[in-house]
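These notes are about the structure you will find just below.
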Amino acid sequence: MTRTEKLLVELIALPSVNPAFLPPRHPHAGEKRVADFLAVTAARAGLEVEFQNVLPGRSNLIARLLPRNKIRQTILLAPHLDTVGADGTKFIPQRRNGRLYGRGACDTKGSVAAMLSALCELANAKSRPLETEIVFAGLIDEEHAQAGSRALVKSRFKADLAIVGEPTKLRVVTAHKGSLWLELETHGKAAHGATPQFGQNAIHEMARIVDLLETDYAARLRERKHPLLGTATVNVGTISGGAQPNIVPDCCKITVDRRKLPGETDAGVQREIAALLRARKLSAKISSAKLAPAVPLETNYKLPLVQEFMRCVGQKKPLGVHFFCDAAVLSAGGIPSVVFGPGDVAQAHTADEWISLAELERGKDLILKLLQSLP
Ligand SMILES: [Zn+2]
């Protein structure tokens, strides 16, 4: 077993389910077990370790490898420590046919293991960068509200490049969409179901809005194309309204998921939908339904450090993905960010989550290759 595989096996066996997905005080909840374990691993390799408290009992783990000379640049390796939920058997790692199965194998304990192993190996290597500081940050809460990356940015942490660990099949990703969740609410006038002419039906009003969003608005968004990300999209995800068949409903609500391209803002999207409704003489109250903003990511792939990383990976063209992650938060906080890690996002969040062990090892090698190439 390689050092990276051993580390991943140990990480899967330490449940770190995001508390947002579990009842209070569930034994699998929280990142603390994993953060404590990684702190010991990092300290043993000679890294400087500190915890950044973010939420009660939940801290980012920061481990630093300082250069011998003056720091001229900083590289941040930033995978998240939390996972989505799973039944108890998924915390017993299983090795089968060159794959490792278990919750978090690809999303994103595989990246945690590859990145920290690379850094520990570098710390003990004969030669390492003389002027580049390398920081590993195990972040909490990516799967829910990204409190970890938001806290890191708020602490004014700066780096010249962040590599955010997520399963990208070892490709350097420079762009992803943002997402905006909106709630729309229509109001009518209640009346007896036998005399609907005295009421105003809020569900009927909403039905016309849903149709408008799913047809004309969706078609308009399909004309907005990004070279790496395709088009912006809209999806009406939930609807509720009315009390019983014999009452004219006076209220109806929907929630909408709108995926944004770089350049689109939350306020701009809200204005655009409001204008569309006005033009059709429809009216609804529009409000945001998300805890925290989820902005798009678009990092300039011509930045020298991004180019150097792409060269190490053997990749000529930049790439976009459809999923949101911490990279957008770090990037909005002024840290140029890319996404990179072993595994395929198709296996993330599934009951049968797995990672290829060969890819895991190659991920560690590629990160190490980049770090060793730096001054
Ligand atoms: Zn993830």
Side-chain angles (χ1 to χ4, degrees), residues 7-8 11-12 14-22 28-31 33-35 38 54 58 60-61 76-86 90-91 93 100-116 136-153 162-179 259 290-292 294-297 299 319-332 335 337-356 359-360 363 367:
L7 183 55
L8 180 53
L11 288 171
I12 291 172
L14 295 172
S16 58
V17 177
N18 193 303
F21 310 136
L22 290 172
H28 289 163
E31 300 87 349
R33 267 178 299 263
V34 164
L38 291 175
V54 180
R58 302 175 67 191
N60 290 335
L61 167 78
L76 174 66
L77 307 174
H80 62 86
L81 304 182
D82 60 319
T83 69
V84 292
K90 301 297 183 299
F91 303 104
L100 190 66
Y101 287 80
R103 177 53 82 226
C106 80
D107 186 10
T108 233
K109 289 178 171 175
S111 291
V112 173
M115 288 174 164
L116 192 63
F136 172 93
L139 302 172
I140 66 154
D141 195 43
E142 191 274 341
E143 298 287 0
H144 180 54
Q146 303 85 42
S149 55
R150 292 180 204 279
L152 189 67
V153 162
I163 303 172
V164 170
E166 291 284 352
T168 68
K169 296 202 239 173
L170 302 181
R171 309 260 287 153
V172 180
V173 165
T174 56
H176 68 59
K177 293 181 193 175
S179 103
R259 298 295 163 127
K290 230 183 185 167
L291 296 170
V295 294
L297 171 75
T299 297
L319 188 75
V321 290
H322 62 80
F323 59 88
F324 176 85
C325 72
D326 277 329
V329 177
L330 298 177
S331 174
I335 304 172
S337 302
V338 297
V339 193
F340 174 87
D344 187 340
V345 76
Q347 273 88 50
H349 301 202
T350 65
D352 254 335
E353 185 172 348
W354 57 269
I355 194 165
S356 146
E359 204 176 308
L360 176 74
I367 299 267

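Counting begins at 1 with the first residue of the sequence. We count ligands from 1, going down the list as the structure has it; atoms in each ligand are counted the same way.
Between W354 and Y101, the angle of the ring planes lies from 30° to 60°, which puts this pair in the tilted group.
Protein-derived N/O/S atoms nearer than 2.8 Å to the Zn ion (ligand 1) total 4, waters excluded.
For residues 319-331, the pairs satisfying side chain to side chain donor-acceptor pair (under 3.5 Å) are S149-D326, with sequence neighbours left out.
The closest side-chain heavy-atom distance from L360 to L100 is not below 4.5 Å. The shortest side-chain heavy-atom distance between E142 and C325 falls under the 4.5 Å cut-off. Contact check for L77 versus I367: side-chain heavy atoms found under the 4.5 Å cut-off.
Between the side chains of E31 and H80, not a single donor N or O lies within less than 3.5 Å of an accepting N or O.
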